[in-house]
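Please find one structure pasted underneath; my questions will follow.
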Amino acid sequence: MLRFLLFCLFTFCANAQELPKLLDHKKNDPLLPITYYFNTAFDVIQNPYYFSQSDYRQKHWDMFKRISSPDHSIKKDGGYKKLFEDEFLTARILPNVGLHMLGGAYDKLYMYQWFEANNYPAPMAFTFVLSYLGHFGNEALELTNENITSHDHIADLFFFDAMSFYLAFNPKIMNFLVGDLGMQAWHLQPMFNFEKSDVTNAGLNYVFRPDFFDSKFRPMILIGMLNLAGVSYELAPKQFITTAFGMALTDPLEQKGKFVSAFFYDKEDGLSAALYLNGTEEYRARLNLFPEIFNFEKLKLGLLLGQKRDDSEVIGINVNMPIGLAFGD
């Protein structure tokens, strides 16, 4: 496994000049890796029916014990055949491939280019450590639910996350995903809620929006803890408004969820505003305004306005920080 990871990490770096350039207007953000960590590690808390962020440090230790002896854990939870059947032959393969492999590949290439642009001495090593810290935290929070066995963690961390490194530095694959399929990352803005002492508004979302018809209208698919399909309309070059509908997962193993509608505005390959109705994390309505919509020269301002199903309200603000501050129940 170690040899495979090293092969993925270093062999494909030689082709980096042929890879699509994902880093553009965000390259001056000095704290982007920390934002990425919170979005990744706390991604699953969007589903409060299944997961909780309580006992965060203890769950990390429990997760380490599960994966430190993978052979023992695999056999204890049913064996290699059951692992393969559950993680590769059921609906679980969809988030494994879509989020861990494809989404992970996009993020790893993005972060590698960020570390490189900011003159870090070993951008690949930083990318490797950061991505696995985030995914390890995310897997740790999945321990909340007893239906998630070690098979899920081992498949994600040792196979799908490892494969994403191969994809990230394969020019043909990444140019197809980004160029032909119009792949982008529309991640959320993590906020620390002082009143509840936890993280809110964190999450990873990936969008595919190909220009199949050479038209101002384009189909759009968003995958994450919610899955949406919709249509984007090009207002001006690289400026779109999008309407989408779909499902927010409440039971990821059974693929059960609730109906969600969403509206987006993006420009210059960056998400500027996102409104979710009946979305994740018990928000009845949630509006995120990103720094791209304000377009200040030196000030990066992000805002969160949300109302929960119990009628409580949440307000969050982020000014030039990797994680914002939120207030409300």
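In this chain, numbering begins with 1 at the start of the sequence shown. Below, all heavy atoms of this structure are taken into account, side chains as well, without hydrogens, waters or symmetry copies.
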**Report entry** Flag for N288-Q189: side-chain donor and acceptor within less than 3.5 Å
**Finding:** yes
**Report entry** Near-ring test F64/F136, centroid separation under 6.0 angstrom
**Finding:** no
Query raised in the report: Does a side chain donor of either S232 or T242 reach within less than 3.5 Å of an acceptor in the other side chain?
Result: yes
Query raised in the report: Roughly how far, to the nearest 0.5 Å, is the OG1 atom of T200 from the CZ atom of R286?
Result: 6.0 Å
Query raised in the report: Side-chain donor-acceptor pair under 3.5 Å between S272 and E292, yes or no?
Result: no
Report summary line: Of all heavy-atom pairs linking N147 and N145, the shortest is N-OD1, 2.8 Å
**Report entry** Exercise: identify the closest heavy-atom pair between V314 and A326
**Finding:** CG1-CB, 4.1 Å
Query raised in the report: Between Y112 and F169, does the ring centroid distance fall short of 6.0 Å?
Result: yes
Requested in this report: Find out whether N175 and D180 are in side-chain contact, i.e. whether some heavy atom of one side chain is under 4.5 Å from a heavy atom of the other.
Outcome: no
Query raised in the report: Heavy atoms, side chains only, cut-off 4.5 Å: are H187 and D107 in contact?
Result: yes
Query raised in the report: What's the verdict on side chain to side chain donor-acceptor pair (under 3.5 Å) for D161 and H100, showing C-alpha distance, side-chain angles and the deciding distance?
Result: CA-CA 5 Å; D161 288 331; H100 286 273; 2.9 Å; yes
Query raised in the report: So, Q184 versus Y106: side-chain donor-acceptor pair below 3.5 Å or not?
Result: no
Query raised in the report: Got a donor-acceptor contact below 3.5 angstrom from the Q113 side chain to the L22 backbone?
Result: yes
Query raised in the report: Which one of F245, F259, Y283, F264 satisfies the ring-ring contact (aromatic ring centres under 6.0 Å, His included) criterion with Y276?
Result: F264
Requested in this report: Tell me yes or no: between the side chains of S150 and D77, is some donor less than 3.5 Å from an acceptor?
Outcome: yes
Report summary line: dist K21:NZ -> Y110:OH (nearest 0.5 Å) comes out at 14.0 Å
Requested in this report: Report yes if the side chains of L277 and R284 come closer than 4.5 Å at any heavy-atom pair, otherwise no.
Outcome: no
Query raised in the report: Measuring from L287:CG to F263:CZ, what's the distance to the nearest 0.5 Å?
Result: 12.0 Å
Report task. Decide yes or no for D156 and E139: does some side-chain heavy atom of the first lie under 4.5 Å from some side-chain heavy atom of the second? Result -> yes
**Report entry** Reported CD-to-CG distance for the pair E116 and L109, which is rounded to 0.5 angstrom
**Finding:** 9.5 Å
Query - Contact check, side chains of N193 and F327, non-hydrogen atoms, under 4.5 Å - result: no
Query raised in the report: Is the F88-F84 ring centre distance short of 6.0 angstrom?
Result: yes
Query raised in the report: Apart from M247 itself, what residues make up its hydrophobic cluster, given side-chain heavy atom links below 4.5 Å?
Result: L249
Requested in this report: State, to 0.1 Å, how close N47 and T250 come at their nearest heavy-atom pair, and which atoms those are.
Outcome: ND2-O, 3.1 Å
Requested in this report: Measure the shortest side-chain to side-chain distance between T40 and H135 over non-hydrogen atoms and say whether it is less than 4.5 angstrom.
Outcome: yes
Requested in this report: Using a 4.5 Å cut-off on heavy atoms from C-beta on, say whether the side chain of I154 contacts that of I74.
Outcome: yes
Requested in this report: For salt bridge (charged side-chain N to carboxylate O under 4.0 Å, His left out), just list the numbers for D55 and K59, CA-CA rounded to whole Å, side-chain angles, deciding distance to a tenth of an Å, and then say yes or no.
Outcome: CA-CA 6 Å; D55 301 320; K59 286 175 180 175; 5.9 Å; no
Query raised in the report: Considering only heavy atoms from C-beta outward, does the side chain of N96 approach that of F159 to under 4.5 Å?
Result: no
Query - N39 (side chain) donor-acceptor with L188 (main chain) under 3.5 angstrom - result: yes
Query raised in the report: Below 6.0 angstrom between ring centroids: does that apply to F128 and Y132?
Result: yes
**Report entry** Closest non-hydrogen atom pair between A168 and K108, with its separation
**Finding:** CB-CB, 4.1 Å
Query raised in the report: Is the Lys NZ or Arg CZ of K267 less than 6.0 Å from the centre of F240's six-membered ring, within 45° of the axis?
Result: no
Query raised in the report: Listed by chain and number, what are the salt bridge (Lys or Arg N to Asp or Glu O under 4.0 Å) partners of K258, not counting sequence neighbours?
Result: E282
Query - Shortest non-hydrogen separation from D310 to S312 and the atoms involved - result: OD1-OG, 2.6 Å
Query - W186 and Y206 aromatic centres sub-6.0 Å - result: no
**Report entry** Nearest non-hydrogen partners of I93 and F160, listed with the distance
**Finding:** CD1-CZ, 3.7 Å
Query raised in the report: Are R66 and D62 ion-paired here, with the side-chain N under 4.0 Å from a carboxylate O?
Result: no
Query raised in the report: So how far is it from M225 CE to Y50 OH, rounded to the nearest 0.5 Å?
Result: 10.5 Å
Query raised in the report: Rounded to the nearest 0.5 Å, what separation is found between the CH2 atom of W114 and the OH atom of Y36?
Result: 14.0 Å
